[in-house]
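Below is one structure, written out as C-alpha coordinates; comments come after it.
A note on names: the letters A, B, ... follow the listed sequences, proteins ahead of strands, and every chain is numbered from 1.
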There are 2 protein chains.
Amino acid sequence: MLISFEEAEIRSKIIKAMAHPVRLMMVEMLKTGEHSFSQIFDLFKLDKSTVSKHLLVLKESGIISSRKTGSDMIYRLDVPCITDFFSCVTAVIESNVKKQQVCLCR
Amino acid sequence: MLISFEEAEIRSKIIKAMAHPVRLMMVEMLKTGEHSFSQIFDLFKLDKSTVSKHLLVLKESGIISSRKTGSDMIYRLDVPCITDFFSCVTAVIESNVKKQQVCLCR
DNA sequence: CTCCTTGTTGGTAATTATGCCAACAAACCA
DNA sequence: TGGTTTGTTGGCATAATTACCAACAAGGAG
(Lines give C-alpha, C1' and ligand atoms only; values in the text may rest on other atoms or scores of the structure.)
Protein backbone atom coordinates (compact mmCIF):
# COMPACT_ATOMS: atom_id res chain seq x y z
CA MET A 1 0.00 0.00 0.00
CA LEU A 2 2.57 2.53 1.08
CA ILE A 3 5.52 3.20 -1.18
CA SER A 4 8.91 1.77 -0.30
CA PHE A 5 11.79 3.90 0.85
CA GLU A 6 13.58 3.19 -2.44
CA GLU A 7 10.58 4.40 -4.44
CA ALA A 8 10.35 7.44 -2.18
CA GLU A 9 14.02 8.19 -2.84
CA ILE A 10 13.51 8.11 -6.61
CA ARG A 11 10.52 10.42 -6.31
CA SER A 12 12.25 12.79 -3.97
CA LYS A 13 15.14 13.23 -6.41
CA ILE A 14 12.71 14.52 -9.03
CA ILE A 15 10.92 16.75 -6.54
CA LYS A 16 14.27 18.02 -5.25
CA ALA A 17 15.14 19.07 -8.78
CA MET A 18 12.12 21.40 -8.68
CA ALA A 19 12.82 22.65 -5.18
CA HIS A 20 14.74 25.80 -6.05
CA PRO A 21 13.33 29.19 -7.08
CA VAL A 22 15.70 29.55 -10.03
CA ARG A 23 14.88 26.10 -11.38
CA LEU A 24 11.16 26.73 -10.89
CA MET A 25 11.43 29.88 -12.99
CA MET A 26 13.37 27.98 -15.64
CA VAL A 27 10.59 25.40 -15.84
CA GLU A 28 7.97 28.17 -15.96
CA MET A 29 9.79 29.67 -18.90
CA LEU A 30 10.15 26.34 -20.69
CA LYS A 31 6.42 25.74 -20.27
CA THR A 32 6.00 28.40 -22.97
CA GLY A 33 8.22 26.51 -25.41
CA GLU A 34 11.84 25.85 -26.19
CA HIS A 35 14.42 28.44 -25.20
CA SER A 36 18.13 28.84 -25.70
CA PHE A 37 20.70 28.95 -22.92
CA SER A 38 21.26 32.67 -23.44
CA GLN A 39 17.53 33.42 -23.20
CA ILE A 40 17.38 31.55 -19.92
CA PHE A 41 20.63 33.10 -18.74
CA ASP A 42 19.23 36.61 -19.33
CA LEU A 43 16.44 35.95 -16.83
CA PHE A 44 18.81 35.85 -13.88
CA LYS A 45 21.61 37.85 -12.35
CA LEU A 46 23.71 34.73 -11.98
CA ASP A 47 27.00 33.49 -13.31
CA LYS A 48 26.66 31.45 -16.49
CA SER A 49 28.21 28.46 -14.74
CA THR A 50 25.50 28.64 -12.07
CA VAL A 51 22.77 28.76 -14.71
CA SER A 52 24.38 25.86 -16.53
CA LYS A 53 24.47 23.78 -13.36
CA HIS A 54 20.82 24.47 -12.53
CA LEU A 55 19.86 23.33 -16.02
CA LEU A 56 21.96 20.21 -15.53
CA VAL A 57 20.04 19.35 -12.36
CA LEU A 58 16.74 19.60 -14.24
CA LYS A 59 18.16 17.59 -17.12
CA GLU A 60 19.52 14.80 -14.94
CA SER A 61 16.18 14.42 -13.23
CA GLY A 62 14.48 13.95 -16.61
CA ILE A 63 12.37 17.10 -16.49
CA ILE A 64 14.05 18.88 -19.39
CA SER A 65 16.33 17.95 -22.27
CA SER A 66 18.71 19.84 -24.50
CA ARG A 67 20.07 19.79 -28.02
CA LYS A 68 22.81 21.75 -29.71
CA THR A 69 21.81 23.91 -32.67
CA GLY A 70 24.66 25.77 -34.22
CA SER A 71 26.44 27.47 -31.40
CA ASP A 72 23.30 27.58 -29.22
CA MET A 73 22.12 25.07 -26.70
CA ILE A 74 18.34 24.70 -26.84
CA TYR A 75 16.42 23.50 -23.78
CA ARG A 76 12.92 22.08 -23.73
CA LEU A 77 10.46 20.80 -21.14
CA ASP A 78 9.97 17.05 -21.45
CA VAL A 79 7.08 16.67 -19.01
CA PRO A 80 4.08 18.92 -19.71
CA CYS A 81 2.21 17.69 -16.61
CA ILE A 82 4.52 19.85 -14.56
CA THR A 83 1.60 22.28 -14.70
CA ASP A 84 -0.44 19.99 -12.43
CA PHE A 85 2.53 19.95 -10.12
CA PHE A 86 2.26 23.69 -9.76
CA SER A 87 -1.50 23.75 -9.39
CA CYS A 88 -1.22 21.75 -6.20
CA VAL A 89 1.48 24.05 -4.89
CA THR A 90 -0.85 26.94 -5.58
CA ALA A 91 -3.58 25.13 -3.65
CA VAL A 92 -1.25 24.83 -0.68
CA ILE A 93 -0.46 28.53 -0.84
CA GLU A 94 -4.17 29.42 -0.97
CA SER A 95 -4.84 27.06 1.90
CA ASN A 96 -2.11 28.77 3.89
CA VAL A 97 -3.66 32.16 3.23
CA LYS A 98 -7.01 30.87 4.50
CA LYS A 99 -5.34 29.60 7.64
CA GLN A 100 -3.64 32.97 7.95
CA GLN A 101 -0.50 31.00 8.38
CA VAL A 102 2.53 33.24 8.30
CA CYS A 103 5.31 30.70 8.44
CA LEU A 104 6.09 31.11 4.74
CA CYS A 105 6.37 34.88 5.01
CA ARG A 106 9.07 35.09 7.64
CA MET B 1 3.53 36.06 -17.62
CA LEU B 2 6.44 34.46 -15.85
CA ILE B 3 6.35 34.25 -12.09
CA SER B 4 8.51 36.58 -10.01
CA PHE B 5 11.48 35.39 -8.03
CA GLU B 6 9.55 36.08 -4.81
CA GLU B 7 6.65 33.92 -5.99
CA ALA B 8 9.13 31.25 -7.04
CA GLU B 9 10.68 31.33 -3.58
CA ILE B 10 7.32 30.78 -1.88
CA ARG B 11 6.57 27.88 -4.20
CA SER B 12 9.98 26.33 -3.79
CA LYS B 13 9.57 26.29 0.00
CA ILE B 14 6.50 24.11 -0.37
CA ILE B 15 8.15 21.86 -2.92
CA LYS B 16 11.26 21.64 -0.75
CA ALA B 17 9.07 20.38 2.09
CA MET B 18 8.15 17.41 -0.12
CA ALA B 19 11.69 16.85 -1.35
CA HIS B 20 12.74 14.17 1.10
CA PRO B 21 11.98 10.43 0.98
CA VAL B 22 10.92 10.29 4.63
CA ARG B 23 8.54 13.22 4.26
CA LEU B 24 7.14 11.76 1.04
CA MET B 25 6.36 8.53 2.87
CA MET B 26 4.74 10.48 5.68
CA VAL B 27 2.49 12.25 3.20
CA GLU B 28 1.68 8.93 1.51
CA MET B 29 0.63 7.57 4.87
CA LEU B 30 -1.47 10.61 5.72
CA LYS B 31 -3.24 10.31 2.37
CA THR B 32 -4.99 7.30 3.92
CA GLY B 33 -6.28 9.36 6.85
CA GLU B 34 -5.19 10.79 10.15
CA HIS B 35 -2.38 9.09 12.03
CA SER B 36 -0.75 9.56 15.40
CA PHE B 37 2.90 10.44 15.93
CA SER B 38 3.69 6.95 17.19
CA GLN B 39 2.10 5.33 14.12
CA ILE B 40 4.25 7.51 11.87
CA PHE B 41 7.30 6.98 14.05
CA ASP B 42 6.93 3.19 13.76
CA LEU B 43 7.32 3.43 9.96
CA PHE B 44 10.94 4.49 10.20
CA LYS B 45 14.16 3.45 11.89
CA LEU B 46 14.80 7.01 12.96
CA ASP B 47 15.17 8.89 16.20
CA LYS B 48 11.90 10.37 17.46
CA SER B 49 13.42 13.82 17.28
CA THR B 50 14.19 13.31 13.61
CA VAL B 51 10.62 12.19 12.91
CA SER B 52 9.30 15.15 14.87
CA LYS B 53 11.41 17.57 12.86
CA HIS B 54 10.33 16.12 9.53
CA LEU B 55 6.71 16.51 10.57
CA LEU B 56 7.45 20.09 11.58
CA VAL B 57 8.80 20.85 8.11
CA LEU B 58 5.59 19.55 6.53
CA LYS B 59 3.52 21.47 9.05
CA GLU B 60 5.31 24.76 8.55
CA SER B 61 4.86 24.50 4.81
CA GLY B 62 1.09 24.10 5.30
CA ILE B 63 0.86 20.57 3.91
CA ILE B 64 -0.19 18.91 7.16
CA SER B 65 -1.57 20.01 10.51
CA SER B 66 -1.66 18.49 13.98
CA ARG B 67 -3.83 18.43 17.07
CA LYS B 68 -3.31 16.99 20.49
CA THR B 69 -5.74 14.30 21.61
CA GLY B 70 -5.08 12.97 25.09
CA SER B 71 -1.41 12.19 25.19
CA ASP B 72 -1.21 11.59 21.45
CA MET B 73 -0.38 14.03 18.70
CA ILE B 74 -2.56 13.43 15.65
CA TYR B 75 -1.40 14.50 12.20
CA ARG B 76 -3.55 15.01 9.11
CA LEU B 77 -3.05 15.94 5.49
CA ASP B 78 -4.45 19.38 4.76
CA VAL B 79 -4.08 19.34 0.98
CA PRO B 80 -5.68 16.35 -0.78
CA CYS B 81 -4.42 17.47 -4.21
CA ILE B 82 -1.01 16.22 -3.19
CA THR B 83 -2.03 13.14 -5.18
CA ASP B 84 -1.81 15.15 -8.41
CA PHE B 85 1.62 16.21 -7.29
CA PHE B 86 2.70 12.58 -7.23
CA SER B 87 1.05 11.67 -10.51
CA CYS B 88 3.29 14.09 -12.34
CA VAL B 89 6.35 12.75 -10.57
CA THR B 90 5.30 9.29 -11.70
CA ALA B 91 4.99 10.60 -15.25
CA VAL B 92 8.56 11.88 -15.05
CA ILE B 93 9.78 8.51 -13.83
CA GLU B 94 7.96 6.71 -16.65
CA SER B 95 9.36 9.18 -19.14
CA ASN B 96 12.84 8.48 -17.79
CA VAL B 97 12.34 4.75 -18.20
CA LYS B 98 11.35 5.30 -21.83
CA LYS B 99 14.46 7.36 -22.38
CA GLN B 100 16.45 4.62 -20.67
CA GLN B 101 17.94 7.36 -18.64
CA VAL B 102 20.01 5.98 -15.80
CA CYS B 103 20.94 9.13 -13.97
CA LEU B 104 18.41 8.47 -11.22
CA CYS B 105 19.63 4.95 -10.61
CA ARG B 106 23.23 5.73 -9.75
C1' DC C 1 3.73 13.99 44.35
C1' DT C 2 6.62 10.87 41.60
C1' DC C 3 7.36 8.04 37.73
C1' DC C 4 6.58 7.11 33.01
C1' DT C 5 5.08 7.90 28.44
C1' DT C 6 4.94 11.08 24.55
C1' DG C 7 6.78 14.43 21.76
C1' DT C 8 9.51 18.83 21.10
C1' DT C 9 13.67 21.73 21.28
C1' DG C 10 18.79 22.64 21.54
C1' DG C 11 23.22 21.46 20.12
C1' DT C 12 26.49 19.38 17.13
C1' DA C 13 28.75 16.81 13.35
C1' DA C 14 28.46 15.16 8.70
C1' DT C 15 26.68 15.62 4.29
C1' DT C 16 24.71 18.14 0.46
C1' DA C 17 23.54 22.36 -2.14
C1' DT C 18 24.65 26.76 -3.95
C1' DG C 19 27.28 30.26 -6.43
C1' DC C 20 31.39 32.32 -7.80
C1' DC C 21 35.90 32.36 -10.43
C1' DA C 22 39.02 30.18 -13.45
C1' DA C 23 39.97 27.05 -16.95
C1' DC C 24 38.48 24.56 -20.67
C1' DA C 25 36.00 22.86 -25.11
C1' DA C 26 33.48 23.65 -29.28
C1' DA C 27 31.71 26.24 -32.83
C1' DC C 28 31.73 30.58 -35.40
C1' DC C 29 34.13 34.64 -37.50
C1' DA C 30 37.67 37.13 -39.79
C1' DT D 1 44.97 30.24 -38.33
C1' DG D 2 43.89 33.23 -34.51
C1' DG D 3 40.40 35.43 -31.93
C1' DT D 4 35.57 35.53 -30.25
C1' DT D 5 31.34 33.76 -28.66
C1' DT D 6 28.89 30.18 -26.14
C1' DG D 7 28.41 26.96 -22.69
C1' DT D 8 30.43 23.26 -19.51
C1' DT D 9 33.48 21.53 -15.88
C1' DG D 10 36.62 21.82 -11.75
C1' DG D 11 37.60 23.81 -7.50
C1' DC D 12 36.50 26.17 -3.56
C1' DA D 13 34.00 28.81 0.21
C1' DT D 14 29.68 29.44 2.32
C1' DA D 15 25.08 28.10 3.55
C1' DA D 16 21.46 24.80 4.26
C1' DT D 17 19.93 20.07 5.43
C1' DT D 18 19.92 15.99 7.98
C1' DA D 19 20.28 12.85 11.93
C1' DC D 20 21.83 11.84 16.24
C1' DC D 21 22.04 12.52 21.48
C1' DA D 22 20.69 15.00 25.45
C1' DA D 23 17.65 17.81 27.84
C1' DC D 24 13.28 19.45 28.47
C1' DA D 25 7.92 20.05 28.77
C1' DA D 26 3.27 18.22 29.18
C1' DG D 27 0.17 14.72 30.35
C1' DG D 28 -1.43 10.40 32.41
C1' DA D 29 -0.88 6.50 35.96
C1' DG D 30 0.07 4.79 40.41
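With sequence neighbours left out, A:Ser66 forms a side-chain hydrogen bond (donor to acceptor under 3.5 Å, both in side chains) with A:Lys59. When the salt bridge (charged side-chain N to carboxylate O under 4.0 Å, His left out) test is applied to A:Lys48, no partner is found at least two apart in sequence or on another chain. Remark: A:Glu94 pairs with no residue by the side-chain hydrogen bond (donor to acceptor under 3.5 Å, both in side chains) rule, at least two apart or across chains. Checked against side chain to side chain contact (heavy atoms under 4.5 Å, CB included), B:Val27 has the following partners two or more places apart in sequence or in another chain: B:Met18, B:Leu58, B:Ile63, B:Leu77, B:Ile82, B:Phe86. Among residues two or more places apart in sequence or in another chain, the salt bridge (charged side-chain N to carboxylate O under 4.0 Å, His left out) test is passed with B:Lys31 by B:Glu28. Residues satisfying the side chain to side chain contact (heavy atoms under 4.5 Å, CB included) criterion with B:Asp47, sequence neighbours excluded, are B:Ser49, B:Thr50. With sequence neighbours excluded, no residue satisfies ring pair (Phe, Tyr, Trp, His ring centres under 6.0 Å) with B:His35. Checked against side-chain hydrogen bond (donor to acceptor under 3.5 Å, both in side chains), B:Thr69 has the following partners two or more places apart in sequence or in another chain: B:Arg67.
Rounded to an integer number of Å, the gap from NZ of B:Lys53 to P of D:dA16 is 17 Å. Taking atom CZ on B:Phe44 and atom C1' on D:dT18, their separation rounds to 14 Å, with Å as the unit. Put simply, CD on A:Glu60 is 12 Å from C1' on D:dT9, counting in whole angstrom units. Taking atom CD on B:Glu9 and atom C1' on D:dA15, their separation rounds to 14 Å, with Å as the unit. Following rounding to the nearest Å, A:Lys48 (NZ) and D:dT9 (P) show an atom-to-atom distance of 13 Å.
Both B:Val22 and A:Asp72 lie close to DNA chain D; mapped to their nearest nucleotides by heavy-atom distance, the more 5′-ward contact belongs to A:Asp72. Two residues, B:Asp47 and A:Leu46, neighbour DNA chain C, and the one matched to the more 5' nucleotide by heavy-atom proximity is B:Asp47.
The span of DNA chain C lying next to chain A, judged by atoms under 4.0 Å from heavy atoms, is bounded 5' to 3' by C:dA17 to C:dC28.
At D:dT17, none of the side-chain N or O atoms of A:His20 fall inside 4.0 Å of OP1 or OP2 (strictly under the cut-off).
No side-chain donor-acceptor contact under 3.5 Å links B:Ser36 and B:Asp72. Checked by atom type, the side-chain pair A:Ser65/A:Asp78 shows a donor-acceptor distance below 3.5 Å.
Taking the side chain as every heavy atom from C-beta outward, B:Glu7 and A:Leu24 never approach each other to under 4.5 Å. Counting heavy atoms from C-beta outward, B:Leu30 and B:Ile40 have side chains that approach closer than 4.5 Å.
Here the side chain of B:Arg23 pairs no donor or acceptor atom with the backbone of A:Ser12 at under 3.5 angstrom.
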Polar atom pairs between nucleotides 25-30 of chain D and protein, under 3.5 Å, N or O only, would you list them?
none

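A heavy atom lying under 4.0 Å from DNA chain D marks the following residues of residues 34-42 of chain A, by number: A:Phe37, A:Ser38.
Note that the two end axes of the helix from C:dC1-D:dG30 to C:dA30-D:dT1 enclose an angle of 10°, each drawn from 5 base pairs, rounded to 10 degrees.
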